[in-house]
Engineer: 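My questions all concern the structure below.
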Amino acid sequence: MSRFDTHTTEDEYCKKWEHSFEADPIVSEKFYLTVAYPYPSGAMHVGHGRTYIVPDVIARFWRMKGRQVLYPMAFHVTGTPVIGISRRISQGDEKTIRLYRDLYKVPEETLNRFVEPREIVRYFSQEYERVMRHCGLSIDWRRRFTTVDPQYSKFIEWQYIHLHEGNHVIRGAHPVKYCPQCDNPVGDHDLLEGDKADIIKFVLVMFSWGDYKLPCATLRPETTYGVTNLWVNPDITYVKVTVDGQKWILSREAADKIGLQDHDVVVEGDMSGEELIGVTVSHPFSGDVPVLPATFVDPDMATGIVMSVPAHAPFDYIALRDLQAQGLHAGIVPVPLITVEGYGEMPAKDAVERAGVQNQNDPAMDVLTQEVYNAEFSRGRMLPKYGGKPVREARDEVSAIMVERYGSAVMYDFDSRSVVCRCGSRVFVRILHDQWFLQYSDPEWKAQIHKQLDGITLVPPEVRAEFDRTIDWLKDWACTRRIGLGTKLPWDKEWLVEPLSDSTIYMAYYTIAHKLKQIDPARLTPDVFDYIFRGTGTPSSLPQEQLDDLRNEFLYWYPYDYRFSAKDLISNHLTFQLFHHAALFPENLQPEGMVIFGMGLLDGAKMSSSKGNVFLLEDALDEFGADTVRMFLVGSAEPWQDFDWRKEFVISTRKQIDRFYTTVSEGRVTEGTYPIDRWLISRLQKRIAATNEALASFQTRQALQEAYFGIEADLKWYRRRLPAEIRGSAALREISSTWIRLLAPFIPFTSETLWAEIGGSGDVAFAAFPEPDAQSIDEETELAEELLSRTVEDIESIMKLIQIEPTGITLFIAPSWKWDIFTTIAHSEDKKQVIRDIMKDEAMKTRGKAATDAAKQTTTLIHRFPPQLVSQLAGSMRDEMAVFQEAKEFLEREFAVPVTIVPAGESNHPKAAAALPFKPAIVIE
RNA sequence: GCGAGGGUUGCUGAGCCUGGCCAAAGGCGCCGGACUUAAGAUCCGGUCCCGCAGGGGUCCGUGGGUUCGAAUCCCACCCCUCGCACCA
């Protein structure tokens, strides 16, 4: 057979389609869909391919349905990733160079230019467009932009001016992970180690020792009442420092850390831990307590001085026990202050004894600490003399009092050691000042978004809970950065708008992007955007005519119909954009719907560029052809499900396209009409309806099941039912036109080629998508074929069992009184009572046992049939004799023996009595 | 830990909301056959177990429950995936 090779036609159509999908406002109804734009820092893999191909299938579908469809694309280049990549390349980092040179196949001379970060995004955005065109994406490329274009920056300025005015942007301090060498905050992806580390907030409980304060960092300030001593490590060096004018003693490491956290720190001198041992310190809550030695004290954990609460902290308990075992400090008695169910007076003691821990170096200590901590926090109560409140309440109260009245400060540190920047330097917690925040914590704003979400279509609907939860969970978002690419904050030029915060309403920008390109950015003043997006004011920097044109185009496309994105963006981008839309646009221009994608797997493992576990989209296109890649990516799973790129499935997809091509090509020359045509055409209408329905609800896989596999299965039965030696028919030819158009959104290259071959007019991309024709639906014929195919199946299964060489087949057709029974049972509500009712009938009574048997068998039969079939059958009695008479020749050909059709009532054959409605008795001899 | 989603027959993946159409679709793989000098491709048939008559048995993460009847509803448990923030 002829294999259809899409490669040869792909270039031709890509060229032809260069401007085909540029969409301008016209009178027709619009359909505007957008996808999260890519950050072009590397080559596309097949996962990216699906992200853009699924919307393309939807875009092509609605275009064929007569909508004016806008599918735009742009590039997000804001932020720091390319800066890091560029630096690593210029430093000659082998791993990065190998990734770009070998995996992404960047030419050597281009790679050399990557020392300039913008070159990276410039190169890859060109590549993205080239490969996207190769995929046949029906994008309006005139509107392409990047987020550092000067016009776009003007747009972001407008956005932030309004957010600021609307009190959605506020200023505050914020603890961040910070690299002193890079002099910049670092995100988790910038870390070599410790990307799971959390920032923990400690309260420093200030114990006095003469002029000095000894700050003890704690998560449990409420236990200060129970402090019996402090722990200091005798083997380490502490420092005396002045902190904001106050004299402190703490570990050297801690002094460095505190210096980054809003405190003025001057080191005065060293002091060994040894020197502190034995001194007496005091705090209003605990009174005078001694400082004792403990080697478990880590100078790099918070302040390096620990307050000891042996009744409630297993570490403290066991350290004290160890000392007392040596006969030291026998006078110290743990002070209980919290009661918790399941433990005695001293939970720490109970826990240690129950676990049989020997000494403070036992690894089980961490677990015990956590256990006691959790129990006391969730179920514990302070003793009456300490207020009697639940621990979780007391903790916050004591914490506040400590800070207000007892000189406590707050200190941040990580919950785990070794947090290391990619540059190799250690990372610390730093308090950033003057940081700008988007105030997502604002309850009013949240309430507004909850309400708005109710009106938004979500696909699949299960994600709604996650959106609602995200809205509740969002806290203020630091929306500015010191470094990276991006737009300067209009009222504070020291800051750049952070990448996730400058990409929330660009869907509105697309609507006029191509026109803004022609305009001098200096003229894009905030009042111009006010006019375009809000219809207010009288800007002078642009002619009125131009302003109206821009406003009209915006209003034509907006609001967008659907936004597509992967599910990991629910917790940030997709929710952010709702907040921003609500703050900036009127109610009638708010988002209408979102479609959430699943993730991509490669041979069952998660696809990930950083791990090198990717299949490049371009390689896939070269190896299998664009249509195969498209059909596989949208057909192997529904968009919201995870998909798995497996070569063997991709190959079989290519075979399916070949088969489609062959069938349609062969169908071009066939002639003649046959009775079974009616059935095929009728079935086709249902396939058309189902395909329309599936695509309208974004079920690309389901749509392909109907439009491809469904039709293929129908054709199989159809060919079987054609007269012997007949290979095709006029109906087959007619179906081709419909079938090509049904598949055009999925496999545009093949469809376009076939469309031209069968003489279709214009591009199939703009041809009418098939609509079901109710006139062509013939339920009678479909039922008759259903009866026939069920009977054929029965005959086949019997033949397989009996293993004899048959000489003839006899079919006994159920008599009309059995149909009466069938109808009665089908209509009855109470399946138990119905038999009695049937037997009341005089005519039935005379049939006696035959009638009750038939009723029982019919009941079973009805349970086995699909309910829809039952109601159809009950609606009108079939002329089964006629169906089988017509199909006699077919049956004889199928089974190669003579077939006799007999009304069951006219035969004495014992089997004849077994005939049931829609299930003739079969005798094979 | 918190939040969301999920566990189906060799694989993949429908079905579950709206309980009887379910031994459970489609695809892949595998087996057999046709075609062919042959391979590939293509086409046809089979693919839980038993049965020489269209039937029966067991099955949908585990254990209970509701019901005449459960893959589908309820409860508990086990396991998996994703998100948890200044990052695209």
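Order of the sequence lines sets the chain letters (A, B, ...), proteins ahead of strands, with each chain counted from 1.
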Engineer: Distance between the P atoms of B/C11 and B/C48, in whole angstroms?
Structural biologist: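 Those two atoms are separated by 13 Å.
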Engineer: Among B/G55, B/G6, B/A85, which nucleotide has an atom closest to any side-chain atom of A/Trp477?
Structural biologist: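 Shortest atom-to-atom distance from the side chain points to B/A85.
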Engineer: What is the distance, to the nearest angstrom, from the CG atom on A/Asp642 to the P atom on B/C80?
Structural biologist: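 Result: 16 Å.
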Engineer: Is there a Watson-Crick or G-U wobble partner for B/A4 with both distances under 3.5 Å, and which nucleotide is it?
Structural biologist: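 B/A4 is paired with B/U81.
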Engineer: If we take the C1' atom in both B/A25 and B/C74, what is their distance in whole Å?
Structural biologist: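 Looking at atom C1' only, B/A25 and B/C74 are 28 Å apart.
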Engineer: Heavy atoms under 4.0 Å, any strand shown: does A/Leu569 hit a base, just sugar-phosphate, or nothing?
Structural biologist: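 Here A/Leu569 touches the bases of the nucleic acid.
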Engineer: Quick check: are there more than 12 heavy atoms from other residues, nucleotides or ligands sitting under 6.0 Å from CD of A/Glu693?
Structural biologist: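 Count not over threshold, so no.
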Engineer: If you check the A/Arg659 side chain, which of B/A25, B/C11, B/U42 turns out closest?
Structural biologist: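 Closest nucleotide among those given: B/U42.
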Engineer: Quick one about A/His450 and A/Asp468 (side-chain donor to acceptor, distance below 3.5 Å, no hydrogens or angles considered), yes or no?
Structural biologist: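 Yes.
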Engineer: Which nucleotide in the set B/C84, B/C28, B/G83 lies at the smallest distance from any side-chain heavy atom of A/Trp473?
Structural biologist: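 That would be B/C84.
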Engineer: Report which part of the nucleic acid A/Lys647 touches: base, sugar-phosphate, or nothing (heavy-atom distance under 4.0 Å, all strands).
Structural biologist: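 The answer is nothing, as A/Lys647 stays clear of every strand by at least 4.0 Å.
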Engineer: Need one value for A/Gln435: base, sugar-phosphate or nothing, where a base atom within 4.0 Å counts as base even if backbone is also close, heavy atoms only.
Structural biologist: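 Counting heavy atoms under 4.0 Å across all strands, no contact is made by A/Gln435.
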Engineer: Both distances below 3.5 Å, Watson-Crick or wobble geometry, any strand: find the nucleotide opposite B/U47.
Structural biologist: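 Paired with B/U47, as far as the under-3.5 Å criterion goes, is B/G29.
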Engineer: Go through the N and O atoms of the side chain of A/Asp794 and the base of B/A53, and report whether any donor-acceptor pair is under 3.5 Å.
Structural biologist: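 For A/Asp794, whose side chain was compared with the base of B/A53, there is no donor-acceptor pair (under 3.5 Å).
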Engineer: Remember a base hit wins even if backbone is also touched, and classify A/Ile570 as base, sugar-phosphate or nothing at under 4.0 Å, heavy atoms.
Structural biologist: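 Here A/Ile570 touches no strand at all.
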Engineer: For B/C16, what is the paired nucleotide under Watson-Crick or G-U wobble rules, both distances under 3.5 Å?
Structural biologist: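 Here B/C16 is not engaged in any pair, so there is no nucleotide opposite it.
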Engineer: In the strands shown, is B/C22 matched to any nucleotide by a Watson-Crick or G-U wobble pair with both distances under 3.5 Å, and which?
Structural biologist: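 Checking every strand shown, B/C22 finds no partner, since no pair has both distances under 3.5 Å.
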Engineer: Would A/Trp436 and A/Glu498 count as having a side-chain donor-acceptor pair, cut-off 3.5 Å?
Structural biologist: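 Absent: no donor and acceptor within the cut-off.
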Engineer: Applying a 4.0 Å non-hydrogen cut-off, can you work out what A/Pro460 is touching in the nucleic acid: base, sugar-phosphate, or nothing?
Structural biologist: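 Result for A/Pro460 = nothing.
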Engineer: Do A/Phe649 and A/Phe632 have ring centroids that are under 6.0 Å from one another?
Structural biologist: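 When the ring centroids of A/Phe632 and A/Phe649 are compared, they turn out to be at least 6.0 Å apart.
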Engineer: With the side chain of A/Phe709 defined as its heavy atoms from C-beta on, choose the nearest nucleotide among B/A53, B/A88, B/G26.
Structural biologist: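 Out of B/A53, B/A88, B/G26, the nucleotide with an atom closest to A/Phe709's side chain is B/G26.
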Engineer: Between B/G15 and B/G20, how many Å separate the two P atoms, rounded to a whole number?
Structural biologist: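 Their P atoms lie roughly 14 Å apart.
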Engineer: What's the closest nucleotide to the side chain of A/Ile798 if the choices are B/G54, B/A88, B/G83?
Structural biologist: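 The answer is B/G54.
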Engineer: Counting C-beta onward and ignoring hydrogens, is there a side-chain heavy-atom pair between A/Met44 and A/Tyr52 closer than 4.5 Å?
Structural biologist: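 Yes, their side chains come closer than 4.5 Å.
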Engineer: Please examine the side chains of A/Tyr412 and A/Ile431, heavy atoms only from C-beta on, and report whether any two atoms are closer than 4.5 Å.
Structural biologist: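 Side-chain contact under 4.5 Å: yes.
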Engineer: Roughly how many Å apart are B/G7 and B/C68, using the C1' atom of each and rounding to a whole number?
Structural biologist: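 Each nucleotide's C1' atom is 30 Å from the other's.
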Engineer: What is the ring orientation for A/Tyr39 with A/His76, classed by angle as parallel under 30°, tilted 30 to 60°, or perpendicular over 60°?
Structural biologist: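 Aromatic pair A/Tyr39/A/His76 classed perpendicular.
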Engineer: Write down the partner of B/U66 under the Watson-Crick or G-U wobble criteria, each distance required to be under 3.5 Å.
Structural biologist: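 Looking at the geometry, B/U66 pairs with no nucleotide.
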Engineer: Base, sugar-phosphate, or nothing for A/Phe649, non-hydrogen atoms under 4.0 angstrom?
Structural biologist: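 Contact class for A/Phe649: base.
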Engineer: So A/Thr78, base contact, sugar-phosphate only, or nothing? Heavy-atom distance under 4.0 Å.
Structural biologist: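 Sugar-phosphate, no base atom in range.
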Engineer: By the 4.0 Å heavy-atom rule, please label A/Asn572 as base, sugar-phosphate, or nothing.
Structural biologist: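 If one applies the 4.0 Å heavy-atom cut-off, A/Asn572 turns out to touch a base.
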Engineer: Identify which nucleotide among B/G27, B/A88, B/G83 has an atom closest to any side-chain atom of A/Thr80, counting heavy atoms from C-beta outward.
Structural biologist: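 From the listed options, B/A88 comes nearest.
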Engineer: What nucleotide among B/A88, B/C44, B/A85 has an atom nearest to a side-chain atom of A/Lys716?
Structural biologist: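 Closest nucleotide among those given: B/C44.
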Engineer: Given the C1' atoms of B/G13 and B/G27, what is the spacing between them in whole Å?
Structural biologist: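 It works out to 8 Å between them.
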Engineer: Within the 4.0 Å heavy-atom criterion, would you say A/Ala921 contacts the bases, only the backbone, or no part of the nucleic acid?
Structural biologist: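 Here A/Ala921 touches the bases of the nucleic acid.
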Engineer: Contact class for A/His174 vs. all strands (heavy atom < 4.0 Å): base, sugar-phosphate, or nothing?
Structural biologist: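 Base, at least one base heavy atom under 4.0 Å.
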Engineer: Rounding to an integer number of angstrom, what distance separates B/G55 and B/G6 when you compare their C1' atoms?
Structural biologist: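 Rounded to whole Å, the distance is 37 Å.
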Engineer: In whole angstrom, give me the gap between the P atoms of B/C73 and B/G40.
Structural biologist: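 Approximately 46 Å lies between the P atom of B/C73 and that of B/G40.
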Engineer: Tell me the partner of B/U42, counting only Watson-Crick (N1-N3 plus N6-O4 or O6-N4) or G-U wobble (N1-O2 and O6-N3) with both under 3.5 Å; none if nothing fits.
Structural biologist: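 Pairing partner: B/A34.
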Engineer: Quick one: sort the A/His48 and A/Tyr128 rings into parallel, tilted or perpendicular, breaks at 30° and 60°.
Structural biologist: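 It falls in the tilted class, 30° to 60°.
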Engineer: Please state the C1' separation for the pair B/C43 and B/C49 - nearest whole angstrom.
Structural biologist: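 Approximately 30 Å lies between the C1' atom of B/C43 and that of B/C49.
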Engineer: What nucleic acid atoms does A/Arg701 come within less than 4.0 Å of, heavy atoms only: base, sugar-phosphate, or nothing?
Structural biologist: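 Base contact.
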Engineer: For A/Val463, report the nucleic acid contact type (base, sugar-phosphate, nothing); a contact means any heavy atom under 4.0 Å.
Structural biologist: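 Contact class for A/Val463: none.
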